[in-house]
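A, B, ... follow the sequence lines: proteins, then strands. Residue 1 opens every chain.
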Protein chains: 2
Amino acid sequence: MTGQSKGQEVKDQMPDENLLYDLAELFKVFGDSTRIRILFALFESEMSVSDIAESLQMTQSAISHQLRILKQSKLVGARREGKQIIYSLADDHVRTIINQGWDHVTE
Amino acid sequence: MTGQSKGQEVKDQMPDENLLYDLAELFKVFGDSTRIRILFALFESEMSVSDIAESLQMTQSAISHQLRILKQSKLVGARREGKQIIYSLADDHVRTIINQGWDHVTE
DNA sequence: TAAACACATGAACAAATGCTCATATGTTCA
DNA sequence: TGAACATATGAGCATTTGTTCATGTGTTTA
């Protein structure tokens, strides 16, 4: 027996404070229906900003603001193609995370 | 050629609006550092409210408010044990979702 | 080069969120 | 039964967040 309380014991095993914060920040990005809908749209195929805006029936500005957040979190990537900017899903983590969430919601 | 724009094509394949909303709501729950820390604490073992509060160095009230949200989303379960209420992780989806997020953040 | 097009961005504002404080509910035990 | 303990909850408040509106930046084309 160490004499430590359960709260203390568990506290000692908690991961780094900053990493937990980053993790919460990541999930926060998934936690908005506009951004989720953007990700689902990009699930199908890469698209320009205006294509996404049309697909979600939202203004170009609103979409652009959210794309910036998605890009900062490295959930999407972007490349220029003439006047347009083409956005696409960054990697497979995005798909996996969304799929897991999907399972939880649809069961 | 159908004459449909790309935005329209993708829109036609989007999942149900309400499900996407629920999915965003789910991730929103993970998207707060207090709740993430609670989940990590429960990762180790089930605990009472006051144990969690001590472990996270937060007030009982703040923890209780957040536990309610976690319970509503079915991410944690609770059972009474005397005066205490013992909370625990609901199922393995929670672990999987967090692990995937963890991979994205730590790589 | 000037106009047209595609996208990005800052300010402003309404809505949502998380904590605190006070207090209510529920359980045990003397 | 009443006091002590554990947890839940409502109101209030400060902060964060997402959209709109106006405008800025970058690219193509006439």
**Student:** Start at the 5' end of DNA chain D and walk down; is the nucleotide closest to Gln60(A) or to Ile69(A) reached first?
**Tutor:**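 Result of the comparison: Ile69(A).
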**Student:** As a test of reading the structure: which of dT7(D), dA6(C), dT17(C) is closest to the side chain of Lys28(B), going by heavy atoms?
**Tutor:**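 Side chain of Lys28(B) sits closest to dT17(C).
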**Student:** Less than 4.5 Å apart, side chain to side chain, heavy atoms only: is that true for Phe30(B) and Val94(B)?
**Tutor:**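 A side-chain contact exists here, since the closest heavy-atom pair is under 4.5 Å.
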**Student:** Applying the side chain to side chain contact (heavy atoms under 4.5 Å, CB included) test to Tyr87(A), which of Leu67(A), Asp51(A), Ile38(A) qualifies?
**Tutor:** Leu67(A)
**Student:** So does Asp91(A) get a backbone contact from the side chain of His104(B), meaning a donor-acceptor N/O pair under 3.5 Å?
**Tutor:**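 Not a single qualifying donor-acceptor pair exists.
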**Student:** Using whole Å, report how far CG of Leu56(B) lies from C1' of dT20(C).
**Tutor:** 17 Å
**Student:** Can a side chain N or O of Arg68(A) be found less than 4.0 Å away from OP1 or OP2 on dT9(C)?
**Tutor:**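 It does, given that an N or O in the side chain of Arg68(A) lies less than 4.0 Å from OP1 or OP2 of dT9(C).
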**Student:** Tell me the interatomic distance from Lys83(B), atom NZ, to dA3(D), atom P, rounded to whole angstroms.
**Tutor:**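 Atom-to-atom, Lys83(B) to dA3(D), this comes out as 15 Å.
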**Student:** Of Ala62(B) and Gly82(B), whose closest DNA chain C nucleotide lies nearer the 5' terminus?
**Tutor:** Ala62(B)
**Student:** Which nucleotide, dC5(C), dT7(D), dT19(D), lies nearest any side-chain atom of Val49(B)?
**Tutor:**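 From the listed options, dT7(D) comes nearest.
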**Student:** Please list residues of residues 29-46 of chain B whose heavy atoms come under 4.0 Å from any atom in DNA chain D, ordered by number; otherwise none.
**Tutor:**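 When residues 29-46 of chain B is checked for heavy atoms under 4.0 Å from DNA chain D, there are no hits whatsoever.
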**Student:** In plain terms, say whether Lys28(B) and Glu25(B) are close enough for a salt bridge, that is, a side-chain N and a carboxylate O under 4.0 Å apart.
**Tutor:** yes
**Student:** So, does Tyr87(A) get its side chain near the phosphate of dA8(C), meaning an N or O under 4.0 Å from OP1 or OP2?
**Tutor:**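 True: Tyr87(A) side-chain N/O within range (under 4.0 Å) of dA8(C) OP1/OP2.
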**Student:** I want to verify a distance call: between dT7(D), dC19(C), dT20(D), whose nearest atom is closest to the Ser64(B) side chain?
**Tutor:**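 The listed nucleotide nearest to Ser64(B)'s side chain is dT7(D).
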**Student:** Can you check whether Glu44(B) reaches Glu9(A) side chain to side chain, under 4.5 Å on heavy atoms?
**Tutor:** no
**Student:** Does a side-chain N or O from Lys71(A) land closer than 4.0 Å to OP1 or OP2 of dA8(C), or not?
**Tutor:**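 So the side chain of Lys71(A) is outside the cut-off, no N or O lying under 4.0 Å from OP1 or OP2 of dA8(C).
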**Student:** Nearest of dT20(C), dT19(D), dT27(C) to any side-chain atom of Ser61(B)?
**Tutor:**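 Of the candidates, dT20(C) comes closest.
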**Student:** OH of Tyr21(B) to CG of Leu26(B): how many Å apart, nearest 0.5 Å?
**Tutor:**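 Tyr21(B) OH to Leu26(B) CG: 13.0 Å, rounded to 0.5 Å.
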**Student:** May I have the distance from Tyr21(B) (atom OH) to dG18(D) (atom P), rounded to whole angstrom?
**Tutor:**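 In whole Å, dG18(D) P and Tyr21(B) OH are 12 Å from each other.
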**Student:** To the nearest 0.5 Å, tell me how far Leu75(B) CG sits from Leu39(B) CG.
**Tutor:** 6.5 Å
**Student:** Taking atom C1' of dT27(C) as reference, at what distance in whole Å does atom CD1 of Ile86(B) sit?
**Tutor:** 13 Å
**Student:** Rounded to 10°, tell me the angle between the two end axes of the helix from dT1(C)-dA30(D) to dA30(C)-dT1(D), each built from five pairs.
**Tutor:**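 Both end axes considered, the difference amounts to 20°.
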**Student:** Counting side-chain heavy atoms from CB outward, which of dT27(C), dT7(D), dT27(D) is closest to Gln84(B)?
**Tutor:** dT7(D)
**Student:** Among Lys71(B), Arg37(B), Arg35(B), exactly one meets side chain to side chain donor-acceptor pair (under 3.5 Å) together with Gln66(B). Which residue is that?
**Tutor:**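 Testing each of Lys71(B), Arg37(B), Arg35(B) against Gln66(B), the sole residue satisfying side chain to side chain donor-acceptor pair (under 3.5 Å) is Arg35(B).
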**Student:** Can you tell me which nucleotide in dT19(D), dA6(D), dT7(D) comes closest to the side chain of Ile85(B)?
**Tutor:**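 It is dT7(D).
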**Student:** Using atom CZ of Arg80(B) as one end and atom C1' of dT28(C) as the other, report the distance to the nearest whole Å.
**Tutor:** 10 Å
**Student:** Can you tell me the distance, in whole Å, between the CG atom of Leu67(A) and the P atom of dA6(C)?
**Tutor:**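 After rounding, the reported distance stands at 16 Å.
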**Student:** To the nearest 0.5 angstrom, please state how far the CD1 atom of Ile69(B) sits from the OG1 atom of Thr34(B).
**Tutor:** 10.0 Å
**Student:** Answer yes or no: does a side-chain N or O of Gln66(B) lie under 4.0 Å from OP1 or OP2 of dC19(C)?
**Tutor:**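 It does, given that an N or O in the side chain of Gln66(B) lies less than 4.0 Å from OP1 or OP2 of dC19(C).
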**Student:** Please tell me which of Glu25(A) and Asp51(B) maps to the more 5' nucleotide of DNA chain D, matching each residue to the nucleotide holding its nearest heavy atom.
**Tutor:**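 With Glu25(A) and Asp51(B) compared, the 5'-side residue is Asp51(B).
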**Student:** Rounded to the nearest angstrom, tell me the gap between atom CD in Gln72(B) and atom C1' in dA8(D).
**Tutor:** 12 Å
**Student:** With the criterion set at under 5.5 Å between ring centres and under 30 degrees between planes, would dC19(C) be stacked on His65(B)?
**Tutor:** no
**Student:** Just verifying a value: how many Å separate Ile36(B) CD1 and Leu23(A) CG, rounded to the nearest 0.5 Å?
**Tutor:**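 The CG atom of Leu23(A) is 4.5 Å from CD1 of Ile36(B), to the nearest 0.5 Å.
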**Student:** What is the distance from NZ of Lys6(A) to P of dA6(D), rounded to the nearest Å?
**Tutor:** 16 Å
**Student:** For a quick test of reading the model: is some side-chain N or O of Ser50(B) closer than 4.0 Å to OP1 or OP2 of dT7(D)?
**Tutor:**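 Ser50(B) to dT7(D) OP1/OP2: side-chain N or O found under 4.0 Å.
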**Student:** Judged by atom type as modelled, is there a donor-acceptor pair below 3.5 Å linking the side chain of Arg68(A) to the main-chain atoms of Leu70(A)?
**Tutor:** no
